[in-house]
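Below you'll find the structure, written out as structure tokens, and then a few comments.
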Amino acid sequence: MIGLAPMDGITDAAFREIADLHGKPDFLVTEFVAVEGLVRGAVGLLHHFLKHETNTPTFGQIYGCELGSFYKCAILVCELGFDGVDINMGCPDKSVVKRGAGAGLIRNPQLAKDIIKEVKIAVKDWTNGQRLEDIGLPDKIIREVNRIKPKNNHRKAIPVTVKTRIGYEKIMTKDWIPHIIEAQPARLALHGRTLVQMYSGNANWDEIQIAKELAKQAKIPLIGNGDVKDYDQAQLQMKKYGVDGVLIGRSTFGNPWALRDYKPSNIERLVVALKHAKLFTKYFPDGNFLSLRKHLTWYTSNFNNASLLRKQLVQVKNVEDVKTTIANFLKENPLDFETDKDRKATLGEPL
């Protein structure tokens with residue numbers, strides 16, 4: 001089992017659809033959304049929960065530290081038709097941890113357990129008929145949820161999962177993970193670094209293996225996360241450490257194919273870069289193209305003589321700019337086209 005790791009500011013709806021189409025992961029997870037923000041009416045946060053139609057299980061990820069807010073937002077996630085609710089207990093961002101959320105919950109195991117239990121109660125209540133309109137959410141949040149939610153959303157029970165780290169200032173796997181297991185999430189994803197490590201150093205897969213043994217006793221699947229570069233390495237990690245699956249994160253930047261056993265040509269990378277730009281515009285017609293530019297440059301990371309292309313891509317303002325920039329690059333630097341379809345797609349004809 002290989003999933004796309006949730007990454008704030010990266011795994012938006014456009015990126016997830018690209019990853020789904022070209023990486024074919026076993027599951028997807030949204031960017032994390034602050035429960036306190038939603039219950040206070042921050043409608044803009046709901047754009048993190050936009051999603052495409054797919055058979056790939058997609059989990060809505062939430063974070064925070066207020067039990068009541070978790071309850072309301074879990075019902076909101078159910079209402080939006082997600083296949084699961086994922087609770088973030090691993091984000092190392094200072095602004096998040098300072099509030100006791102994300103990886104800050106590692107220092108507050110009782111609250112962490114209460115949050116998992118509260119979210120599970122909310123999911124059960126929703127399956128039994130709890131209405132979004134009756135839980136105290138702001139009217140503007142309810143209106144927007146009703147606008148973007150799927151038309152036919154059956155009230156079926158969905159799993160509650162957790163993503164966390166192996167410790168705060170030091171490794172605490174044997175002390176921390178049993179607390180999570182006690183609350184019986186449906187699945188646990190574990191990043192093999194402490195909070196203070198952020199994303200530096202090497203992920204400690206020996207600790208992930210220890211957590212796997214603890215989770216196995218409770219019959220809870222465990223997903224390993226950290227430093228997995230591609231599909232082949234994911235397979236090796238699963239075999240070596242006995243985990244039930246692996247998350248791949250930063251290696252998918254401009255390379256959704258890292259999620260499967262496939263090596264794209266450079267022309268395919270440009271085709272998908274253009275498709276990514278179109279999807280971004282579809283989901284965020286008023287969005288700032290600045291947030292997309294980094295993705296576009298990542299698609300060219302393995303190119304020869306592409307420095308000029310990257311310089312131009314960090315200046316694009318719309319899809320037409322992307323088309324023109326790529327087409328001009330190809331005229332000056334011809335690449336081998338795999339098929340006529342690739343040629344037409346890359347040079348601006350319909351994908």
Side-chain angles (χ1 to χ4, degrees), residues 1-7 10-12 14-29 52 54-57 199 202-203 205 223-241 243 245-280 292-310 312-314 322-323 325-327 329-349 351:
M1 177 182 290
I2 298 176
L4 174 66
M7 294 169 282
I10 302 294
T11 51
D12 61 15
F15 185 94
R16 293 196 308 275
E17 182 162 355
I18 286 292
D20 194 22
L21 291 171
H22 299 281
K24 305 184 185 303
D26 294 301
F27 63 95
L28 301 160
V29 188
H52 61 292
T54 178
N55 292 322
T56 304
Y199 300 99
N202 296 320
W205 277 81
I223 308 295
N225 180 211
D227 299 341
V228 179
K229 304 300 182 185
D230 54 28
Y231 176 89
D232 289 341
Q233 188 179 2
Q235 297 297 323
L236 288 173
Q237 298 298 80
M238 285 188 281
K239 183 177 181 179
K240 181 176 180 179
Y241 295 99
V243 293
V246 167
L247 288 173
I248 301 180
R250 287 172 288 175
S251 294
T252 63
F253 292 1
N255 185 28
W257 303 275
L259 294 160
R260 66 182 176 114
D261 187 16
Y262 183 76
K263 306 298 181 186
S265 65
N266 283 346
I267 199 66
E268 286 179 278
R269 291 178 181 276
L270 293 181
V271 170
V272 174
L274 179 56
K275 185 186 296 185
H276 195 152
K278 290 185 174 184
L279 287 174
F280 181 86
L292 179 67
R293 292 172 181 171
K294 59 180 180 290
H295 289 276
L296 298 177
T297 62
W298 288 332
Y299 283 106
T300 70
S301 61
N302 294 318
F303 281 34
N304 292 322
N305 305 317
S307 59
L308 178 59
L309 175 59
R310 285 191 284 271
Q312 293 172 337
L313 286 173
V314 297
V322 179
K323 285 183 181 179
T325 298
I326 291 176
F329 171 77
L330 289 173
K331 289 175 183 178
E332 297 293 329
N333 303 273
L335 298 175
D336 291 332
F337 287 88
E338 298 294 320
T339 65
D340 287 340
K341 180 180 178 181
D342 285 340
R343 181 188 297 274
K344 292 178 181 179
T346 308
L347 295 178
E349 299 180 40
L351 286 169

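Only this structure's heavy atoms are used, side chains among them; waters, hydrogens and symmetry mates stay out.
- The aromatic rings of W257 and Y299 sit perpendicular, their planes meeting at an angle over 60°, well past the 30° parallel limit.
- Closest approach of A5 to N225, counting heavy atoms only: CB-ND2, 4.4 Å.
- The structure places CD1 of I18 at 6.0 Å from NE2 of H276, a figure rounded to the nearest 0.5 Å.
- The minimum heavy-atom distance between A234 and I248, with the atom names listed, is CB-CD1, 4.3 Å.
- Taking all atoms of both residues into account, the shortest heavy-atom contact from K294 to I10 is CE-CD1, 3.5 Å.
- A distance of 3.5 Å separates CG in L270 from CZ in F303, rounded to the nearest 0.5 Å.
- Contact check for K263 versus D230: side-chain heavy atoms found under the 4.5 Å cut-off.
- Side-chain contact between V29 and L4 is absent, with no heavy-atom pair separated by less than 4.5 Å.
- For I2 against Q235, the heavy-atom pair with the smallest separation is CD1-NE2, 3.8 Å.
- The side-chain heavy atoms of F280 and H295, taken from C-beta on, include no pair separated by under 4.5 Å.
- Within 6.0 Å of NZ on K240 lie no more than 12 heavy atoms contributed by other residues, nucleotides or ligands.
- Rounding to the nearest 0.5 Å places CG of L313 at 10.0 Å from CZ of R293.
- Two residues are said to be in side-chain contact when any heavy atoms from C-beta on lie closer than 4.5 Å; P25 and D20 meet this criterion.
- The distance from the CG atom of L330 to the CD1 atom of I267 is 4.5 Å, given to the nearest 0.5 Å.
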Would K275 and H22 satisfy side-chain contact (heavy atoms from CB on, under 4.5 Å), going step by step from the backbone distance to the final call? CA-CA 11 Å; K275 185 186 296 185; H22 299 281; 3.1 Å; yes
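- Minimum heavy-atom separation, A19 to P256: CA-CB, 3.9 Å.
- Once rounded to the nearest 0.5 Å, the distance linking CZ of R269 with CD1 of I326 reads 13.0 Å.
- Under the rule for a side-chain hydrogen bond (donor to acceptor under 3.5 Å, both in side chains), N255 has no partner lying at least two apart in sequence or in another chain.
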Criterion side-chain contact (heavy atoms from CB on, under 4.5 Å) on K278 and K323, from CA distance to verdict: CA-CA 10 Å; K278 290 185 174 184; K323 285 183 181 179; 3.8 Å; yes
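- Proximity of D261 to D232: side-chain heavy atoms (C-beta onward) are separated by under 4.5 Å at one or more points.
- Of all heavy-atom pairs spanning H52 and L28, the tightest one is CE1-CD1, 3.9 Å.
- For the atom pair CZ of F15 and CE of M7, the computed distance is 5.0 Å after rounding to the nearest 0.5 Å.
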Between L247 and F27, is the side-chain contact (heavy atoms from CB on, under 4.5 Å) condition met? List the steps. CA-CA 9 Å; L247 288 173; F27 63 95; 3.6 Å; yes
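- In this structure, the side chain of D227 does not engage the main chain of N202 through any donor-acceptor pair within 3.5 Å.
- Y241 and W205 have tilted rings, their planes meeting at an angle from 30° to 60° on a 0 to 90° scale.
- Side chain of T325 to main chain of V322: no donor-acceptor pair is present (N/O by atom type, distance under 3.5 Å, no hydrogens or angles).
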